[in-house]
Structures are given as structure tokens and as C-alpha cells.
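Some notes on the structure that comes next.
None of the values given here were measured: they were computed from a predicted structure.
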Amino acid sequence: MNTTPTISNSTNQDRYTVVSGAVRDLPEFEGVSVVLLNRGGKPFKSRILSQLYDLKLKEIVSVETSRQIFEMENLASKFENVKFLTVSDQISIGERINIAAKVCSGSHILVFWNDMDLQIRSQADRIFNLALEGDFLCRVPLLLNTNNETIPIRFAPAFTHKKWEIYPLTAVRNKMPTLYPYDFCGIYNKQKFLLTGGYDKKYTNPYWQKLDFGLRCALWGETIETVTTVKLRYTTELPRENTTRDADYSRFFLKNLAIKFHGDSCSLPFGNFLYFAFKSGSNILFHYRLFREIQEWVNENSLRFKTDTFNLTELWEMDN
């Protein structure tokens with residue numbers, strides 16, 4: 001007889017199913033829930049779930065797509081403290097994290113992928129508690145390649161010949177600022193994360209989705225920084241970021257680069273639409289509708305901005 005609880009949510013905002021071996025719902029707790037994103041197939045998943053299960057963590061949420069749903073109930077019976085969150089294949093990585101954050105019971109969530117090895121063999125609670133000290137929105141752990149070499153996890157904005165760009169930085173120590181979490185990996189303060197609105201689900205390119213999230217948080221005065229007590233090692237080749245200025249770049253530009261700060265609030269001036277439309281080229285009607293959508297969003301959130309991208313970058317270059 002199947003005794004695995006299944007929870008479904010089919011609202012317009014969240015479309016997911018949770019399969020769990022747990023007998024009862026876990027109450028909210030102060031600590032880390034692990035959110036495991038999946039890619040690369042079943043072998044990676046079985047290995048990492050066994051490793052995490054042995055650490056006796058309070059809560060593990062494995063985010064699956066609908067193509068993976070058939071094996072969930074067997075795995076849920078085997079790993080009783082694991083929730084399997086199933087979402088549509090069409091949902092972006094950022095939106096999967098948004099949904100997982102709402103499902104988790106911990107005050108913080110550690111997000112990483114099933115083709116990574118969490119470099120913890122014991123004392124997981126102690127290591128996580130050290131990583132949670134202080135006030136932050138997201139802390140990015142050290143990431144290692146297959147040769148155990150650290151990879152750049154710090155990203156800084158800068159102006160090069162009046163062009164706004166992102167540069168990777170190699171030096172890492174505790175609490176150093178970075179613009180966004182590489183590969184979405186990080187320890188997120190769940191309450192702060194949800195209050196920012198999380199990742200914008202309208203992006204399809206993960207790079208612009210991450211950069212939009214990180215820059216928005218910085219403009220709103222939130223902190224994304226490094227943490228060295230938590231390490232993750234890739235077991236396969238590093239994923240490549242697609243930094244092409246595709247259709248998602250238009251959304252990113254308007255939400256982050258085109259806004260102007262006026263001392264206590266931000267706006268998206270109509271004059272910037274003319275510059276944006278000239279640079280964007282064809283399909284002026286589409287870009288006008290996008291501009292109006294983003295302008296309305298900026299107006300709704302105008303008082304949440306503490307600066308604009310120009311001033312943020314100038315201060316970043318001086319302080320870091």
C-alpha cells in the first residue's frame with residue numbers, strides 16, 4: 001500500500017506537486033533547508049541524496065521536472081526526510097527556487113546542483129550555523145572544479161570606456177561582496193529572499209535572470225557576499241554562461257540600467273525609451289509595451305531603491 005503523502009498546488013502563481021516520505025509536515029525552524037536542483041540524470045541524484053541523507057539534515061527538497069516524476073515515490077520511501085518538488089519543464093531555474101523557498105520550513109535555504117559534492121562529512125549543523133551568522137540576503141559558497149581548484153565566485157560591476165560590464169574576481173575571503181550567486185548556488189535568507197520577489201520568472205536566459213536578481217537586491221540595499229565555511233565541488237565540467245545580449249537583455253536593461261535615482265526613489269524616464277528603442281532596432285511596438293510594463297514595476301517599487309546602477313558601480317569601484 002502506498003503511504004507516501006502527495007501535495008499539489010495548481011494556482012496560476014505556483015504549479016507544483018510535492019511527494020514526501022515524511023509522516024507529518026515539518027514546522028518552521030531556525031536553520032538550513034537544502035534545495036537540490038537537478039540536471040544530468042538519475043546517477044547524480046542517487047549519489048547526492050545518499051550523501052545528504054547521511055548528514056541527517058532536517059529538510060532536503062529535491063526539485064524535479066515532470067519528466068522525472070515516475071521515480072519519485074520509490075525515492076521518497078527510501079529517503080524519509082526528502083521532499084520531491086515536481087514542477088513543469090517550462091519553469092525557469094529561478095522560478096523553481098522561488099517555489100522551493102515557499103515549500104521549505106527552514107529560515108535559510110542552501111541551493112546547489114546534484115552534479116556537485118557538498119564538502120561536508122560531519123558537523124553539518126555547526127558549519128551551517130557559522131555560515132548563518134550576520135545579516136545578509138544571500139551568501140555564496142566557495143566553488144571548486146573537478147581538480148579541486150577554486151573558481152571565480154565574485155563578480156563586480158565596472159565602467160569600461162563608459163560601457164557597463166561585469167568582471168570576475170579571484171580573491172575570496174569571508175563576507176566579500178559579489179553581484180550575484182554563480183550558478184544560482186548560495187545560502188539564501190528565506191524571508192529576505194521572498195520579500196524581494198525572488199527571481200523574475202519572465203527571464204528564459206539564466207545569466208540575465210541571476211544578474212537581474214543580484215543587481216536588484218544591491219539597488220534595494222540588500223547584501224550578497226561570499227562565505228568560505230561552505231564548499232561545493234563540481235563533479236563534471238563547469239556549466240557555461242550564455243552572456244549573449246538576447247531578448248532577455250532588453251528586460252534587464254530597463255529594470256536595472258535605465259532607471260534614475262532621485263534621492264529617495266527611482267523612476268524610469270520616458271526619455272530613456274527613445275534611447276532604448278533606437279538601440280533595440282525593430283519591433284517598436286513590442287519594446288514600447290515592455291517599457292510600459294517595466295515603468296509600472298519601477299513606479300510600484302520606487303521607494304525600495306536606495307541607489308541606481310551608475311552610483312552603485314561608482315561606489316563599488318572605490319570600496320572594493
Q) Does W297 have K255 sitting over its ring (NZ/CZ under 6.0 Å from centre, angle to axis within 45°)? A) yes
Q. If you round to the nearest 0.5 Å, how far is CZ of F310 from CG of L312?
A. 11.5 Å
Q) For G106, does its backbone N or O pair with a side-chain atom of K190 as donor and acceptor, under 3.5 Å? A) yes
Q) Taking the inter-plane angle between the rings of F213 and Y188 on a 0 to 90° scale, is it parallel (under 30°), tilted (30 to 60°) or perpendicular (over 60°)? A) tilted
(Q) Looking only at side-chain N and O atoms, does E300 offer a donor or acceptor that is under 3.5 Å from a partner on S302? (A) no
Q) What's the spacing between L232 CG and I120 CD1 if we round to 0.5 Å? A) 8.0 Å
Q. Any side-chain donor paired with an acceptor under 3.5 Å for T226 and N174?
A. no
Q: For residues L52 and V34, report the shortest heavy-atom separation together with the two atoms involved.
A: CD1-CG1, 4.0 Å
Q: Taking the six-membered ring of F184 (Phe, Tyr or Trp), confirm whether the NZ or CZ of K210 is under 6.0 Å from its centre and within 45° of its axis.
A: yes
Q. For residues Y167 and E165, is any side-chain donor paired with an opposing acceptor at under 3.5 Å?
A. yes
Q.
Just by distance, no angles: are the side chains of Q119 and D117 close enough, under 3.5 Å, to form a donor-acceptor pair?
A. yes
Q.
Go through it in stages, so that I can follow the logic: the residues are F155 and Y180, the test is ring-ring contact (aromatic ring centres under 6.0 Å, His included), and I'd like the CA-CA distance, side-chain angles, deciding distance and then a yes or no.
A. CA-CA 7 Å; F155 298 91; Y180 67 91; 4.6 Å; yes
Q) Do side-chain atoms of S105 reach the backbone of F29 as a donor and acceptor pair under 3.5 angstrom? A) no
Q) Side-chain donor-acceptor pair under 3.5 Å between T204 and D248, yes or no? A) yes
Q.
Nearest 0.5 Å, please: how far is CG in L238 from CG in D183?
A. 8.5 Å
Q | Centroid separation Y16 to F84 less than 6.0 Å | A | no
Q. Can you find a side-chain donor-acceptor pair between T244 and Y249 that sits under 3.5 Å?
A. no
Q. Do R251 and L290 come within less than 4.5 Å of each other through their side chains, counting heavy atoms only?
A. yes
Q) Under 3.5 Å, is there a donor-acceptor pair between the T313 and W164 side chains? A) yes
Q: Hey, can you tell me if W208 and F252 have their rings parallel, tilted or perpendicular (30° and 60° cut-offs)?
A: tilted
Q: Test S62 against N38 for side chain to side chain donor-acceptor pair (under 3.5 Å), laying out the working first.
A: CA-CA 7 Å; S62 181; N38 284 281; 3.0 Å; yes
Q) Taking S92 for the side chain and E95 for the main chain, is one N or O donor matched with an acceptor at less than 3.5 Å? A) yes
(Q) Whether the S33 and H108 side chains hold a donor-acceptor pair (N or O, under 3.5 Å, no angle test) is what I'd like checked. (A) no
Q: Decide whether D212 and Y203 meet the rule of one side-chain donor and one side-chain acceptor closer than 3.5 Å.
A: yes
Q.
Contact between N301 and R304 at the side-chain level, heavy atoms closer than 4.5 Å - yes or no?
A. yes
**Q.** Distance under 6.0 Å and angle within 45° of ring axis: R39 vs W113
**A.** yes
**Q.** Rounded distance [0.5 Å steps], CG in N256 versus CZ in R216
**A.** 8.0 Å
**Q.** Donor-acceptor contact present, side-chain K201 to main-chain I91, <3.5 Å
**A.** no
Contacts table for residues 139-146: side-chain donor-acceptor under 3.5 angstrom, sequence neighbours left out:
from, atom 1, to, atom 2, distance (Å)
R139, NE, E225, OE2, 2.7
R139, NH1, A131, O, 2.7
R139, NH1, E133, O, 2.5
R139, NH2, E133, O, 2.7
R139, NH2, E225, OE2, 2.9
N145, OD1, N147, N, 2.9
N145, OD1, N148, N, 3.2
N145, OD1, E149, N, 2.9
N145, ND2, E149, OE1, 2.9

Q. When rounded to the nearest 0.5 angstrom, what is the spacing between CG in N114 and CD1 in I48?
A. 8.0 Å
